[in-house]
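Computed over heavy atoms, backbone and side chain alike; hydrogens, waters and symmetry mates excluded. Whatever order the structure lists ligands and atoms in, that order sets their numbers, starting from 1. Start at 1 with the first residue, then count along the sequence.
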Amino acid sequence: MAKKKKRKEKKESKKTEKTKKKKQEKKTGKKVKKKKKQEKKTETKGKKEKKGKKTKKKIEELIILGSGCAGMTAAIYAARADLEPLLLAGPEKGGQLIWTTKVENYPGFPEGIDGTKLTELFRKQAERFGTKVIDDKAVSFEAKKTYFNIGTEKESFKAKAVIIATGARAKMLGLKSEQKYFGRGVSTCASCDAYFFKGKDVVVVGGGDSACTEALFMAKLDINVTIIHRRDKLRASKIMQERVFKNKKIEMIWDSVVEEVLGDGTMVTGVKIKNVKTGKTKKIKCAAMFLAIGHKPNTEIFKDKIKMDNKGFIIAEDTKTNIKGVFAAGDVQDPVYKQAVTAAGSGCKAALEAEGYLAESKQ
Ligand SMILES: Cc1cc2nc3c(=O)[nH]c(=O)nc-3n(C[C@H](O)[C@H](O)[C@H](O)COP(=O)(O)OP(=O)(O)OC[C@H]3O[C@@H](n4cnc5c(N)ncnc54)[C@H](O)[C@@H]3O)c2cc1C
């Protein structure tokens, strides 16, 4: 009898357990369903918020384009003036100086400093005072009524003022060997690198004022210079031509182009040139090749929006462009000097100008 009772009790308890389980499952099922609904709700809310954020994006006080000497100096000054600048570093983080092993003419470094190291110090200093550096590149620029719109590959930014410090790129011949020996005898800047070739033979490629200036500068440093020019006369101003022709340390090779840079695997040892009229080739021994065939400023996105000269350099007076609130600093607005220290100097100017402009527009 007791056994029967026990079995009945067991059966009943199993039954209640089953119903409980079913109930539980039902409940959980519902809960899961509820959870899914909840998740969906949160997701849509998130999306809406994101959308909202995109349209309501903060208008920055100042956006700086470029992370070279000009951009970073502007950032240091603007950040110390509490403008909390946002800086887009661009495709070349640190700017042109990252391509050189030694900078010997930037004040404050009597032993010289590695180019990349110097750019890292600039960035550290700018970030220390609150510059937000974003490793992205501006692909569009638009002036709106009360702000500027800067589009990148990933997003877009708004700012009340903009400093353009996107630099300029020296034109190259396009030879493989030129790339191989860049910074190892191939140079685009005599005032930067000529000092390393004192007492040696070098070639200068070009025929304009820059080529003449570079040649004359090096001749003064006891360097034997050969100018290689693809035409039979120089494009340079008359006075420059006269100075070049009078200088005993400068020789001319006309109607010729460099076909190959020769080297020992480490440094330049010469160049192979071809006469464009006769087709004859010959080798010239030299320790360096200086290119002086022009620069191309990085200003494509500002074309027809900001005043430029015929080479694409932004025209700026004390860093002020023709658009109020837009300033330009460094090589991008400097067809003449193109030095680290002059770029840094104009970066400082641009930040001070931008600060003044922002303060004025608040009144
Ligand atoms: C090999 C070499 C050696 C040199 N050595 C010396 C030297 O010893 N001493 C000296 O005084 N000068 C030297 N120079 C020259 C010096 O590097 C330049 O004058 C100086 O870097 C110019 O600074 P910048 O800020 O104006 O431009 P850059 O240094 O050219 O910087 C331009 C910046 O703009 C960014 N940028 C470009 N496009 C965009 C975009 N669309 N959006 C956002 N950012 C963008 C780039 O990424 C880069 O960060 C040398 C140059 C070279 C190439």
Side-chain angles (χ1 to χ4, degrees), residues 63-76 86-109 112-120 122-123 126 133-141 150-154 156-157 159 162-172 178-179 181-196 288-292 295-303 312-314 316 319 327-351:
I63 289 185
I64 299 166
L65 304 177
S67 54
C69 317
M72 282 302 176
T73 307
I76 293 165
L86 189 149
L87 183 146
L88 298 182
E92 202 176 46
K93 287 170 211 115
Q96 291 171 66
L97 282 185
I98 61 167
W99 303 112
T100 186
T101 45
K102 207 156 192 191
V103 181
E104 289 195 326
N105 52 9
Y106 198 84
F109 302 95
I113 180 165
D114 176 80
T116 305
K117 178 79 197 159
L118 182 58
T119 66
E120 285 167 2
F122 287 154
R123 179 162 177 163
V133 180
I134 296 179
D135 290 327
D136 205 348
K137 166 189 171 180
V139 293
S140 67
F141 168 86
I150 309 273
T152 74
E153 272 148 5
K154 296 175 207 153
S156 73
F157 300 95
V162 176
I163 294 177
I164 303 167
T166 48
R169 183 151 298 287
K171 287 185 188 161
M172 308 288 285
E178 167 194 58
Q179 283 302 324
Y181 290 104
F182 191 71
R184 297 192 278 158
V186 174
S187 172
T188 53
C189 175
S191 49
C192 309
D193 297 330
Y195 193 85
F196 302 116
M289 174 177 84
F290 286 85
L291 293 162
H295 279 76
K296 190 177 181 305
N298 302 316
T299 51
E300 292 84 357
I301 62 168
F302 309 107
K303 209 173 161 205
F313 284 96
I314 291 178
T319 74
F327 305 86
D331 286 9
V332 76
Q333 51 85 60
D334 176 8
V336 182
Y337 304 103
K338 297 189 280 289
Q339 293 297 294
V341 72
T342 50
S346 69
C348 153
K349 263 188 177 180

Exam field: side chain T119 to backbone I98, donor-acceptor pair closer than 3.5 Å: no

Taking atom 18 (C) of ligand 1 as the reference point, the nearest protein heavy atom with its distance: D331 OD2, 3.3 Å

Backbone or side-chain N or O of A343 under 3.5 Å from ligand 1 N or O: no

C189 heavy atom under 4.0 Å from ligand 1: no

S346 side chain to G330 backbone, donor-acceptor under 3.5 Å: yes

N or O pair under 3.5 Å between S67 and ligand 1: yes

Side-chain (S67) to main-chain (G94) donor-acceptor, under 3.5 angstrom: yes

Protein residue, atom and distance nearest to atom 12 (N) of ligand 1, heavy-atom basis: A340 N, 3.3 Å

Backbone or side-chain N or O of E92 under 3.5 Å from ligand 1 N or O: yes

Donor-acceptor under 3.5 Å (D114 side chain, K117 main chain): yes

V332 and N298, any side-chain heavy atoms less than 4.5 Å apart: no

Any G183 heavy atom less than 4.0 Å to ligand 1: no

Under 3.5 Å: N/O of T188 near N/O of ligand 1: no

Separation of T166 OG1 from I64 CD1 (nearest 0.5 Å): 12.5 Å

Salt bridge E120-K93, side-chain N to carboxylate O under 4.0 Å: no

Neighbour count above 12 (heavy atom, 6.0 Å) for F196 CZ: yes

Within-cut-off N or O pair, A89 and ligand 1, under 3.5 Å: yes

Heteroatom proximity flag, A329 to ligand 1, N/O under 3.5 Å: no

Shortest non-hydrogen separation from L118 to L97 and the atoms involved: CD2-CD1, 3.8 Å

For atom 4 (C) of ligand 1, the protein heavy atom that lies nearest, with its residue and separation: C192 SG, 3.8 Å

Donor-acceptor contact below 3.5 Å, side chain Q96 vs main chain A168: yes

Candidate with minimal heavy-atom separation from atom 41 (N) of ligand 1, of P297, G330, A138: A138

L88 versus F157, closest heavy-atom pair with distance: CD2-CE1, 4.0 Å

Ligand 1 N/O within reach of E104 N/O, cut-off under 3.5 Å: no

Top protein contact for atom 44 (N) of ligand 1, by heavy-atom distance: G90 CA, 3.2 Å

Atoms in ligand 1 with a heavy atom of G68 nearer than 4.0 Å: 25 (O), 29 (O), 31 (O), 33 (C), 49 (O)

Atom of I76, atom of F122 and distance for their closest heavy-atom approach: CD1-O, 4.1 Å

Atom 37 (C) of ligand 1: nearest protein contact (heavy atom, Å): T166 O, 3.4 Å

Closest protein heavy atom to atom 15 (C) of ligand 1, given as residue, atom name and distance to 0.1 Å: K338 O, 3.7 Å

Polar proximity ligand 1 side, A70 side, N/O cut 3.5 Å exclusive: yes

Atom of Y195, atom of E104 and distance for their closest heavy-atom approach: CD2-OE1, 4.0 Å

Protein heavy-atom partner closest to atom 51 (C) of ligand 1 - residue, atom, separation in Å: Q96 OE1, 3.7 Å

Contact (N/O only, under 3.5 Å) between N105 and ligand 1: yes

Geometric N/O contact F182 with ligand 1, under 3.5 angstrom: no

Per-atom contacts, ligand 1 versus L88 - under 4.0 Å to a heavy atom: 43 (C), 44 (N)

Spacing of NE2 belonging to H295 relative to OG1 belonging to T188, to within rounding of 0.5 Å: 5.5 Å

Nearest-contact summary for atom 36 (N) of ligand 1 - protein heavy atom, Å: P91 CD, 3.7 Å

Residue A165 vicinity, atoms of ligand 1 by number, heavy atom under 4.0 Å: 32 (C), 33 (C), 34 (O)

